[in-house]
Amino acid sequence: MLTAITRDENEVAGRAIIEAQGEVAGYLAARYDIFTEFEKTADAADRVAMTVKLVRDIAIYNCHQFSAPVNMPPTRVYAYEAAVRFLRDVQAEKASIPELQRLNLNADGTTSSNYLYYSGNSKRDHHI
């Protein structure tokens, strides 16, 4: 499948993987040690399956974007959008990847959040 998508151009696949890793790191680097995860080799037993899946789905989408965006299957678009939604949820701390090492671990093993939420009162328009 990869050969058909990239038209047997290995540099397209390599570029797609690097860009996918950059996109995943953009969402996860603030809270997780994602760069250590990316340094693990393909045969490492302790690789986190969720990060592999996220990078894979985004990389395949990128390969389609580089070579044939018009012929992209809808399942690839859906997989990419689902990956980005999940990454946004992890970034907003609505979801997590428990196997990844957190950057903000307390001494007792709990995590502290650096997520800041703020809001205000709704605008009032009852003036004369």
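Since the structure is predicted, the reported quantities are computational estimates derived from the model, not experimental observations. Basis for what follows: all heavy atoms, side chains included, without hydrogens, waters or symmetry-related copies.
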Is there a side-chain contact between [X] and [Y] in this structure, where contact means two heavy atoms from C-beta onward sitting under 4.5 Å apart?
X      : Y     : value
Arg31  : Ser96 : no
Val52  : Arg47 : yes
Met72  : Gln65 : yes
Gln101 : Tyr32 : no
Glu23  : Val84 : yes

Following the transitive rule for hydrophobic clusters with a side-chain heavy-atom cut-off under 4.5 Å over Ile, Leu, Val, Met, Phe, Trp and Tyr, establish whether [X] and [Y] coincide in one cluster.
X     : Y     : result
Phe86 : Phe38 : yes
Phe35 : Val24 : yes
Leu28 : Ile18 : no

First locate atom [atom1] of [X], then atom [atom2] of [Y], and finally report the distance between them rounded to the nearest 0.5 Å.
X      : Y     : atom1 : atom2 : answer
Gln21  : Ile34 : CD    : CD1   : 8.5 Å
Asp89  : Arg85 : CG    : CZ    : 9.0 Å
Glu37  : Met50 : CD    : CE    : 12.0 Å
Arg102 : Ile97 : CZ    : CD1   : 10.5 Å

_Do the side chains of Asp57 and Lys53 get close enough for a salt bridge, i.e. N-O under 4.0 angstrom?_
yes

Check [X] against [Y] and note the closest heavy-atom contact, atom names and distance.
X     : Y     : value
Thr51 : Val48 : OG1-O, 2.8 Å
His64 : Pro73 : CE1-CD, 3.5 Å
Ile17 : Val55 : O-CG1, 4.5 Å
Ala59 : Ala20 : N-CB, 3.6 Å
Cys63 : Ala13 : SG-CA, 4.0 Å

*In chain order, what residues pass the ring-ring contact (aromatic ring centres under 6.0 Å, His included) check against Tyr61, with sequence neighbours excluded?*
Tyr80

